[in-house]
Amino acid sequence: MNHAHTGHTPLPPMDHLEEVLRSSITTVRQLDPYLTLLIVTGLALRVPHHSLRFPIDLLSRSPSPSSLHRSRHLSLSFFGPHLPLWNHLIRRLSSSPSPSSSLHTFIDMLRLPLPPSPDHLTFPFLAKASSSFKEGTQIHSQVIRRGFASDVFVFNNLLHMYAKSGSLDLARTAFESTPERHRNEVSWTTIISAHASRGELELARSMFDRMPERVRVGCPAVWNAMISAFAAHGLVSVARKWFDRMPGRNAASWNTMISGYVRAGDMSAARGLFDRMPEDERDVVSWSAVISGYVSLNRCGDALELFKAMQVKPNEATLAVVLSACARLAALEQGRWVHAYAERNGLRLERDNLGAALVDMYAKCGSIESASELFWRRHDELKHSTSAWNALITGLAVNGRARESLEVYERMRRSVTARPDGVTFLGALTACVHCGLVDEGRACFESMSREYGIRAELKHYGCMVDLLGRAGLLEEAEGVVQSMPMKPDMVVLSALLGACRIHRDVSMADRLRTRVVELDPHEGDVCFLQLASIYASAGRWSDARALRSVLERQSSKKQPGFSLVESGGVLSCQMTV
DNA sequence: TACGTTCTGT
């Protein structure tokens, strides 16, 4: 059969349809002609049911309303009473960008003229899709009405659903009113870890003690949950006792304990445990945990060294941490290597902020060109990532390309794929400060709360004060300080004092003095010096002297400190008092 | 015709 003259895509043999589709189609757009063909010819009614699973898989990965509409059309027209297909769609939607459409699909199914009966596979997916208390109780009542309350898989998913939506009391009521023969180790782990991770350690502990022997010795997950919770609440030594006592330690147990030490900032204990961990059990999580521990203590060299010695394949999360080490060390070559590795191994830029970490690394290493090039070249993957946008906006702002930074910021505002957050506005405000763009800065600051409902933080106020002060708008800058809901810090006050000095506004400096006094002594010193210099240049010598003597008295009580100073590639040691 | 839940890292 020759379709060329009609302009139709030739249809593959029916029994190979799914195979052909899966191997040749990767985007929703490519799917369109096949979908149209299936629908308008009614062929969808004649193909084997499982052939409809592929279009569903593809459509449910896309968040667009038209994709949802298409999958709804497919299901309502062609699924009929075939439960496996409905379950498949409900499952895919439950972990899609729009989980609520999973519940809508369930309702669609029940409203069919001859509706299939939901089964033990339907409800776990619905529970996973549910996000609110109200939806949750509705699903629960359906479960009871249809007789699945004693199915342990369904039950566990209901527990998880309640715990996730914050209704821990309901989860616990359901748990306690269910006989032990309808519960298993997953039920125990779910309920105990939900309480433990909320800090209800006593309650978690008492439930742990009530567990049947078979769960206590046979389920490391429940031990791991307790260990994790102890460590998260500052009880790392208690966590360690449990770790030492537990039977059947698995990789997750070691990883939990290692991250417990990392969280407590105890890298020598973390590294010690990592070294003691059986080598063949060390997985990507173990390695990443220690590497990220080094980075969090700013021991970036150690982080990179361990990364080089890594014995398992790194994933997106690992590389994101390693890239932040590269950024801090300005290690561009290493960063490029990581980038190449990620490309070579098909790692996903949209996962675990890997894309944002790459953009940030390039920007912090001064290679803003590469940052920008990467962001736009991989825009399809990165346009959903607020932190990737932020990395570019901030990177451009601090690399002297403020105009471009603001263009990207405007473009992000117009985009429907990502929503600006506090960091976005900080980046845009930084750009405004660099360029002295007062009107743009005001508009930016204003729209942050008005359009996006984001509360300004200290740093945003700091930018505004800096921007206005440099432009000589001292009154307005002082107004910002007065309107701040929090106490101004050294950065804010010294920005304004700097402006006072340049514009010789001694009376404003006088007014700010009471604020400077409220600062911590260490931070206050900087501002006192600025004040003294303002008084001196205004000829108020006695005021200047008085301030300096206050400073000297304070500093005589302090221990001398040392700092390393790099100059011309040579490190020297400087004493500071 | 299908098939799943809990604990560990960023």
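Letters A, B, ... mirror the listed sequences (proteins, then strands); counts begin at 1. Note that these values count all heavy atoms, side chains included, but never hydrogens, waters or copies made by symmetry.
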Problem set entry | Among B:dG4, B:dG9, B:dC7, the one nearest A:D151 by side-chain distance | B:dG4
Problem set entry | Within residues 107-123 of chain A: residues closer than 4.0 Å to DNA chain B (heavy atoms) | A:D119, A:H120, A:L121
For this session: Would you check, one step at a time, whether the test side chain to side chain contact (heavy atoms under 4.5 Å, CB included) holds for A:S385 with A:E350?
Result: CA-CA 7 Å; A:S385 162; A:E350 68 276 23; over 6 Å; no
Problem set entry | Within-4.5 Å side-chain heavy-atom neighbours: A:H160 and A:V186 | no
Exercise. Which part of the nucleic acid does A:N157 contact within heavy-atom distance under 4.0 Å: base, sugar-phosphate only, or nothing?
Worked result: sugar-phosphate
Exercise. Between atom CH2 in A:W254 and atom P in B:dC7, what is the gap in whole Å?
Worked result: 22 Å
Problem set entry | Protein-nucleotide distance (A:I56, atom CD1; B:dC3, atom P), rounded to Å | 13 Å
Problem set entry | Whole-Å gap separating C1' (B:dT6) and NZ (A:K128) | 13 Å
Exercise. Under 6.0 Å between the ring centres of A:F243 and A:W223?
Worked result: no
Exercise. Looking at the side chain of A:P124, which of B:dC7, B:dT6, B:dG4 is the nearest nucleotide?
Worked result: B:dG4
Exercise. Taking the side chain of A:V186 as its heavy atoms from C-beta onward, which of B:dT6, B:dC3, B:dG9 lies nearest to it?
Worked result: B:dT6
Exercise. Roughly, in whole Å, what's the span from CZ in A:F153 to C1' in B:dA2?
Worked result: 14 Å
For this session: Quick one: label A:D283 by what it contacts on the DNA or RNA (base, sugar-phosphate, nothing), any heavy atom closer than 4.0 Å.
Result: nothing
For this session: Could you tell me whether the side chain of A:R91 reaches within less than 4.5 Å of the side chain of A:L121, counting heavy atoms only?
Result: no
For this session: Classify the side chain of A:T189 and the base of B:dT6 as holding, or not holding, a donor-acceptor pair under 3.5 Å.
Result: yes
Problem set entry | Nucleotide B:dG4, atom C1' - distance to CZ of A:F148 in whole Å | 14 Å
Problem set entry | Atom-pair distance (CZ on A:F125; P on B:dT5), nearest Å | 8 Å
Exercise. Hey, does A:T256 reach any base, or is it just sugar-phosphate, or nothing, if we go heavy atoms under 4.0 Å?
Worked result: sugar-phosphate
For this session: Measure from CZ on A:F230 to C1' on B:dC7 and round the result to the nearest Å.
Result: 14 Å
Exercise. Going through the checks in order, is the side chain to side chain contact (heavy atoms under 4.5 Å, CB included) test met by A:L93 and A:L68?
Worked result: CA-CA 9 Å; A:L93 291 173; A:L68 286 178; 4.0 Å; yes
Seminar exercise, completed: Rounded to whole Å, the CD1-C1' distance (A:I258 to B:dG9) equals 11 Å
Problem set entry | CA sep, side-chain torsions, deciding dist, call: A:D108, A:R111, salt bridge (Lys or Arg N to Asp or Glu O under 4.0 Å) | CA-CA 5 Å; A:D108 278 349; A:R111 285 189 181 149; 5.3 Å; no
Exercise. Is there a side-chain contact between A:K308 and A:E305 (heavy atoms, below 4.5 Å)?
Worked result: no
Problem set entry | Phosphate OP1/OP2 of B:dT8: any A:S228 side-chain N/O under 4.0 Å | yes
Exercise. Which nucleotide in the set B:dT8, B:dA2, B:dT6 lies at the smallest distance from any side-chain heavy atom of A:P84?
Worked result: B:dA2
Exercise. On a plain distance test, is the side chain of A:N156 in donor-acceptor contact with the base of B:dT5 below 3.5 Å?
Worked result: yes
Exercise. Going by distance alone, is a donor N or O of one side chain under 3.5 Å from an acceptor N or O of the other, for A:T424 and A:D421?
Worked result: yes
